[in-house]
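Every value quoted in this text rests on a predicted model; they were computed, and no experiment measured them. Throughout, a chain's letter reflects where its sequence line sits, starting with A, and its residues are numbered from 1. Heavy atoms only: backbone and side chains are in, while hydrogens, waters and symmetry mates are out.
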Amino acid sequence: MNYWLFKSEPSTYSIDDLANAANNTDHWDGIRNYTVRNMIRNQIKKNDQGFFYHSSCSKPGIIGIVKVTKESYPDHTAFDPSSKYFDEKSDLDSPRWFMFDVKLIKKFPAIIPLELLRKENSLNGMQLLKKGNRLSITSVSAIQWEHIISLAEQ
DNA sequence: GCCAACGTTGGC
DNA sequence: GCCAACGTTGGC
């Protein structure tokens, strides 16, 4: 099983939106970056777990845990001209973009701020924290995962 | 295939 | 709003 970190701008889609979705489950759409697309198609598997990360907001950080409930399938928003994620180059017969489903497992009582993650020496190698990282999905090692979970429980 | 120009991300 | 860093586009 793999661990991930999924970024979302709370003004677009927050952890509370997921909490309010039917069965606490929703699709993770709108990925329009090839590196991340390939991660979805090749690596993100059912029952993988991930952190829900709030980005581009006043206090960015990790706010909860989700679980992958459905693996890679075509992102239908790419075919919808009214969607901001519409991509006229995505072909129904050969979709360019993919999404997956996640279920909310836990919302932390308090966000774990990016600022705090940066202070943790044992998280030095974390992909999220690397200079220039802009990927909206990054991998998390089991050790990093456990360490962050322990921060959430403090 | 190179690379300049432009677009996007996302912390601050 | 700024801007560093990276991604994408498209002419050549």
Side-chain angles (χ1 to χ4, degrees), chain A residues 2-21 26-44 48-68 71-102 104-141 143-145 147-152 154:
Chain A
N2 296 311
Y3 297 106
W4 306 99
L5 182 141
F6 303 126
K7 286 185 195 171
S8 185
E9 301 185 16
S11 60
T12 302
Y13 194 95
S14 76
I15 197 163
D16 292 327
D17 292 317
L18 183 57
N20 290 329
D26 211 342
H27 50 267
W28 200 275
D29 64 16
I31 297 294
R32 297 292 179 271
N33 170 288
Y34 289 106
T35 302
V36 179
R37 188 277 307 269
N38 292 343
M39 266 189 264
I40 294 172
R41 286 198 311 191
N42 304 332
Q43 295 179 261
I44 297 178
D48 281 359
Q49 286 186 274
F51 289 125
F52 197 118
Y53 180 92
H54 279 174
S55 67
S56 292
C57 54
S58 59
K59 195 159 196 174
I62 294 172
I63 185 65
I65 298 173
V66 300
K67 184 171 169 179
V68 176
E71 292 177 16
S72 174
Y73 61 105
D75 183 340
H76 56 74
T77 63
F79 307 124
D80 176 4
S82 69
S83 169
K84 70 171 181 172
Y85 298 123
F86 176 63
D87 181 357
E88 62 180 5
K89 292 175 186 165
S90 189
D91 189 330
L92 268 171
D93 294 327
S94 177
R96 179 177 291 202
W97 305 113
F98 293 81
M99 58 187 184
F100 53 98
D101 289 353
V102 296
L104 180 65
I105 301 301
K106 184 176 191 177
K107 179 184 174 181
F108 295 151
I111 198 163
I112 306 174
L114 175 62
E115 190 184 12
L116 176 66
L117 299 176
R118 288 199 189 283
K119 288 179 182 164
E120 295 292 315
N121 287 335
S122 55
L123 297 177
N124 273 347
M126 200 176 167
Q127 210 180 343
L128 170 77
L129 306 178
K130 287 190 176 163
K131 186 179 176 183
N133 166 63
R134 300 188 318 167
L135 299 178
S136 62
I137 299 180
T138 51
S139 66
V140 176
S141 75
I143 291 170
Q144 291 160 356
W145 179 271
H147 187 74
I148 291 167
I149 296 289
S150 77
L151 294 175
Q154 276 173 11

Open item on the list: Within a 6.0 Å radius of atom CD1 on A:I143, are there more than 12 heavy atoms belonging to other residues, nucleotides or ligands?
Closed with: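 No, not enclosed.
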- [ ] Could you tell me which residues satisfy side chain to side chain contact (heavy atoms under 4.5 Å, CB included) with A:E71, sequence neighbours excluded, listed by chain and number?
- [x]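 Side chain to side chain contact (heavy atoms under 4.5 Å, CB included) list for A:E71, sorted by chain: A:K45, A:K46.
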Task: Criterion side-chain contact (heavy atoms from CB on, under 4.5 Å) against A:V102, the qualifying member of A:I44, A:V66, A:D48 - done: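 When A:I44, A:V66, A:D48 are each tested with A:V102, the side-chain contact (heavy atoms from CB on, under 4.5 Å) holds only for A:V66.
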TODO: Can you spot which of A:N33, A:I137, A:I31 makes a side-chain contact (heavy atoms from CB on, under 4.5 Å) with A:M39?
DONE: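 With A:M39 as partner, A:N33, A:I137, A:I31 yield a single side-chain contact (heavy atoms from CB on, under 4.5 Å), made by A:I137.
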Open item on the list: Just to be sure I understand the geometry, which residues of residues 33-41 of chain A put a non-hydrogen atom under 4.0 Å away from DNA chain C?
Closed with: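 Hits under 4.0 Å, by residue number: A:N33, A:Y34.
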- [ ] Quick one: pull up CD1 in A:I65 and CD1 in A:I149 and give me the separation to the nearest 0.5 Å.
- [x]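 It is 3.5 Å, given to the nearest 0.5 Å.
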- [ ] Classify the ring geometry between A:F52 and A:W28 as parallel (under 30°), tilted (30 to 60°) or perpendicular (over 60°).
- [x]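 Rings of A:F52 and A:W28: perpendicular, as their planes differ by over 60°.
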Task: Modelled atom types, side-chain donor and acceptor of A:S55 and A:R134, under 3.5 Å - done: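 Side-chain D/A pair, A:S55 to A:R134: absent.
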Task: A:D101 versus A:Y73, side-chain donor and acceptor atoms under 3.5 Å - done: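 Yes, side-chain donor-acceptor contact under 3.5 Å.
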Task: Pairs meeting criterion side chain to side chain donor-acceptor pair (under 3.5 Å) with involvement of residues 114-132 of chain A, two or more places apart - done: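 The answer is A:E120-A:H147, A:S122-A:H147, A:Q127-A:S139.
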Open item on the list: I'd like to compare against my own output: the B/S/- annotation of nucleotides 6-12 of chain B with a strict under-4.0 Å heavy-atom distance to protein.
Closed with: -BBBBSS
TODO: Using the test ring-ring contact (aromatic ring centres under 6.0 Å, His included), find all partners of A:Y3 that sit at least two apart in sequence or belong to another chain.
DONE: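 Expected list: A:W145.
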Heteroatom pairs (N/O) under 3.5 angstrom, protein to nucleotides 1-3 of chain B:
none

